[in-house]
Amino acid sequence: MTNATIFGSKAKVYREARPGYPGALFDWIAEEAPAREVVWDCATGSGQAAVSLSERFAKVMATDISAEQIAEAEQRANIQYRVAPAEASGLDDTSVDVVTVATALHWFDFPQFWPEVERVLRPGGVFAGWTYGFIATRGAVQETFLDPFYTLIDPFWSEGNRMAVRGYTDDVIGCPFAPLIPPSVQYNEDWPIARLIGFAESWSGTMRARSEGGLGDQLDQLIEEAAASFAHQPVPISMPLHVLAGRR
């Protein structure tokens, strides 16, 4: 399964269940940008980051390798969506002030991606890529749902997933820009159990556990039990946000 087919097959679930990102992150990106004219949101998925960027920049060029994901994206007048791989955006040379990658950098071909960023980014422009760490809650939801769910799918995380969990600290990423120090940001919110389940269903490790590991029945049992047990209570969600940023 390619990333396009993995995430394309769950595009609707992805749009409904994937969290957005704290406004403080986008405020910081806008403050660091040399101008607020054009931003390229690479691997936009269903546009969670693109929508927030559209509130701070005049124009957002949002690309993704999955046509199904693009079809689910929220439309805004100043967002232009197009299907394109990260390594070949189709954008003009030195045409953007900022390049962002939300929870996708770990999937890219770095020797091809960084030259593409350098080609489209204006001098003084900013790159920011970020990812969430593992989602956590507490009490019975953690103990009876998330922990056993993680145990089942753990063998099916790719190296890209594990790179993300390590917080983009790997030398293999090879960001060529002068480092910027981002703010410390964490996602905290109460979710209904249905959203947590949808989020877990959208993980590539879950999809591989179903398609390659034959674990669908066991995962479904955990999901059904969680849906019944926690249907009438909010679930406190916490996720750290790891940011890699630099200036050209």
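In what follows, residues are counted from 1 in the order of the sequence shown. For clarity, every value in this text was computed on a predicted model and none was experimentally measured.
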**OP:** Kindly determine whether N161 and S204 satisfy side-chain contact (heavy atoms from CB on, under 4.5 Å), including the steps that lead there.
**Re:** CA-CA 8 Å; N161 294 124; S204 58; 3.3 Å; yes

**OP:** Just do the salt bridge (charged side-chain N to carboxylate O under 4.0 Å, His left out) check on R36 and D97 with the steps written out, would you?
**Re:** CA-CA 7 Å; R36 299 188 185 185; D97 302 299; over 6 Å; no

**OP:** Go through T44 and D64 one step at a time and tell me if the side-chain hydrogen bond (donor to acceptor under 3.5 Å, both in side chains) criterion holds.
**Re:** CA-CA 5 Å; T44 193; D64 198 273; over 6 Å; no

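Checking Y21 against T103 by side-chain atom types alone, a donor-acceptor pair falls below 3.5 Å. Side chains of Q221 and E225: a donor-acceptor N/O pair is present below 3.5 angstrom, by distance only.
Aromatic pair W114/F127: centroids less than 6.0 angstrom apart. The six-membered or imidazole ring of Y132 lies near that of Y187, with a centre-to-centre distance under 6.0 Å. F26 has its ring centre less than 6.0 Å from the ring centre of W130.
With salt bridges taken as basic N to acidic carboxylate O contacts below 4.0 Å, none links R210 and D217. Under a 4.0 Å N-O distance rule, the pair R162/E159 does not qualify as a salt bridge. Of the charged side-chain nitrogens involved, none lies within less than 4.0 Å of a carboxylate oxygen, so that E118 and R248 do not count as a salt-bridged pair.
When all heavy atoms of I153 and A209 are compared, the closest pair comes out as CG2-CB, 3.9 Å. A pairwise comparison of heavy atoms in L222 and T144 identifies CD2-O, 3.7 Å as the closest pair.
Within the structure, side-chain hydrogen bond (donor to acceptor under 3.5 Å, both in side chains) contacts touching residues 226-238 (residues at least two apart or in different chains) are Q186-S238, N188-S238.
Below 30°, between 30° and 60°, or above 60°: for F149 and W203 the angle between ring planes is above 60°, a perpendicular geometry. The aromatic rings of F113 and W40 sit tilted relative to each other, their planes meeting at an angle between 30° and 60°.
Looking at heavy atoms from C-beta onward, F145 lies in side-chain contact with I197 at the 4.5 angstrom threshold.
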